[in-house]
Amino acid sequence: MKNIVVLVSGGGTNLQALIDAENRGEIPSGKISCVISSKPGVYALERAQKAGIPSRVIDRKLYSDRGGYSQAILEALDEEKADLVILAGFMIILDERVPKAYPNRILNVHPALIPSFCGPGFYGLKVHEAALAAGVKLTGATVHFVSEVCDGGPIILQGAVPVKYGDTPEILQRRVMEEVEWKLLPKAAALFCDGKIIVENGIAYVKE
Ligand code: GAR
């Protein structure tokens with residue numbers, strides 16, 4: 001059984017999707033053993049508590065720089081004996097020591113079809129605002145491994161949704177979450193825990 005540590009910063013709907021999938025038996029080889037939040041008081045922490053999952057807060061505001069914060073996260077991941085780390089709405093960019101210590105063992109869900117609308121500054125609603133401003137007709141979400149490059153690691157799963165007339169960033173975000181993120185993130189976690197994701201020359205492949 002693989003220990004899954006989930007990192008969050010906000011509402012935690014993706015965390016909830018992971019918890020629900022685990023409860024339905026859809027992640028048979030993994031167990032969410034800890035939730036770490038970059039902020040105190042966020043609803044994701046309540047979701048963890050309701051599910052009986054231990055949680056920790058490592059408050060970004062208490063660290064003066066990215067290096068110190070990344071070191072604190074690394075120590076927590078080691079203490080929790082993480083086999084798989086999942087960034088589920090985690091809004092902090094960590095330094096390269098974290099992916100180097102956990103190569104192809106950190107999943108991130110990004111709310112766009114990478115390589116569109118990604119990289120530093122593209123997070124949360126800003127991503128959907130950018131998609132609407134560009135006038136794209138399809139957007140979606142990507143689950144990928146985290147590498148030293150922000151949103152640049154091997155792509156594992158992607159799903160698309162249409163952009164519709166009258167969409168606001170909030171409406172589009174909801175569609176992307178419901179139709180893609182909440183399905184693909186638990187699926188990727190299950191595939192990882194079952195040893196079904198391989199990476200060759202920087203490209204991820206799923207053995208289904
Ligand atoms: C999700 O849409 C997730 O893809 C996005 O933030 C939202 C968090 O929602 N993540 C990023 O933008 C990371 N770059 P949640 O807290 O309800 O899961």
Side-chain angles (χ1 to χ4, degrees), residues 4-22 27 32 34-51 53 55 57-60 66 69-70 73 85-95 98-99 106-134 136 138-161 163 167-189:
I4 304 173
V5 175
V6 184
L7 272 56
V8 296
S9 299
T13 63
N14 279 290
L15 168 66
Q16 192 65 55
L18 288 162
I19 292 169
D20 293 345
E22 186 186 325
I27 312 179
I32 304 169
C34 181
V35 170
I36 300 176
S37 175
S38 64
K39 262 193 208 169
V42 296
Y43 191 60
L45 288 166
E46 245 176 80
R47 295 182 191 273
Q49 194 191 12
K50 282 188 189 142
I53 301 167
S55 64
V57 175
I58 305 181
D59 189 347
R60 178 63 182 89
R66 183 179 291 175
Y69 189 73
S70 300
I73 291 284
V85 181
I86 301 183
L87 310 188
F90 187 68
M91 299 306 188
I92 310 290
I93 299 176
L94 298 167
D95 76 16
V98 183
I106 307 175
L107 297 178
N108 181 45
V109 61
H110 182 76
L113 294 171
I114 290 175
S116 290
F117 312 118
C118 63
F122 286 100
Y123 58 89
L125 276 177
K126 287 177 192 287
V127 180
H128 304 293
E129 284 163 9
L132 289 173
V136 293
L138 280 177
T139 186
T142 302
V143 181
H144 65 94
F145 281 125
V146 173
S147 72
E148 294 89 281
V149 180
C150 177
D151 294 329
I155 293 168
I156 301 163
L157 298 172
Q158 291 186 302
V161 302
V163 179
D167 274 352
T168 62
E170 290 79 7
I171 291 171
L172 189 54
Q173 179 184 52
R174 182 79 193 179
R175 187 177 309 126
V176 169
M177 283 176 153
E178 267 178 9
E179 295 184 21
V180 188
E181 295 185 44
W182 299 342
K183 293 177 184 164
L184 292 194
L185 188 60
K187 184 174 179 192

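Heavy atoms only: backbone and side chains are in, while hydrogens, waters and symmetry mates are out. Counting convention: from 1, in listed order, for ligands and their atoms alike.
- With hydrogens and angles ignored, the 3.5 Å screen pairs a side-chain donor or acceptor of Ser70 with a backbone N or O of Asp95.
- Counting heavy atoms of neighbouring residues, nucleotides and ligands inside a 6.0 Å radius, atom OH of Tyr69 exceeds 12 of them.
- Taking Gln16 as the reference, Asp20, Arg47 meet the side chain to side chain donor-acceptor pair (under 3.5 Å) condition, with sequence neighbours excluded.
- With Thr142 contributing its side chain and Ala112 its backbone, the two residues share a donor-acceptor pair below 3.5 Å.
- How far CD1 of Ile114 is from CG of Asp151: 4.5 Å, rounded to the nearest 0.5 Å.
- Between Asp167 and His128 the shortest side-chain heavy-atom distance does not fall below 4.5 Å.
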Would you mind listing each N/O atom of ligand 1 next to any protein N/O under 3.5 Å, plus the distance?
from	atom 1	to	atom 2	distance (Å)
ligand 1	2 (O)	Glu181	OE1	3.1
ligand 1	2 (O)	Glu181	OE2	3.0
ligand 1	4 (O)	Glu181	OE1	2.7
ligand 1	4 (O)	Glu181	OE2	3.4
ligand 1	12 (O)	Gly124	N	2.8
ligand 1	16 (O)	Gly12	N	2.9
ligand 1	17 (O)	Gly12	N	3.4
ligand 1	17 (O)	Thr13	N	2.7
ligand 1	17 (O)	Thr13	OG1	2.6
ligand 1	18 (O)	Thr13	N	3.4
ligand 1	18 (O)	Asn14	N	3.0
ligand 1	18 (O)	Asn14	ND2	2.9

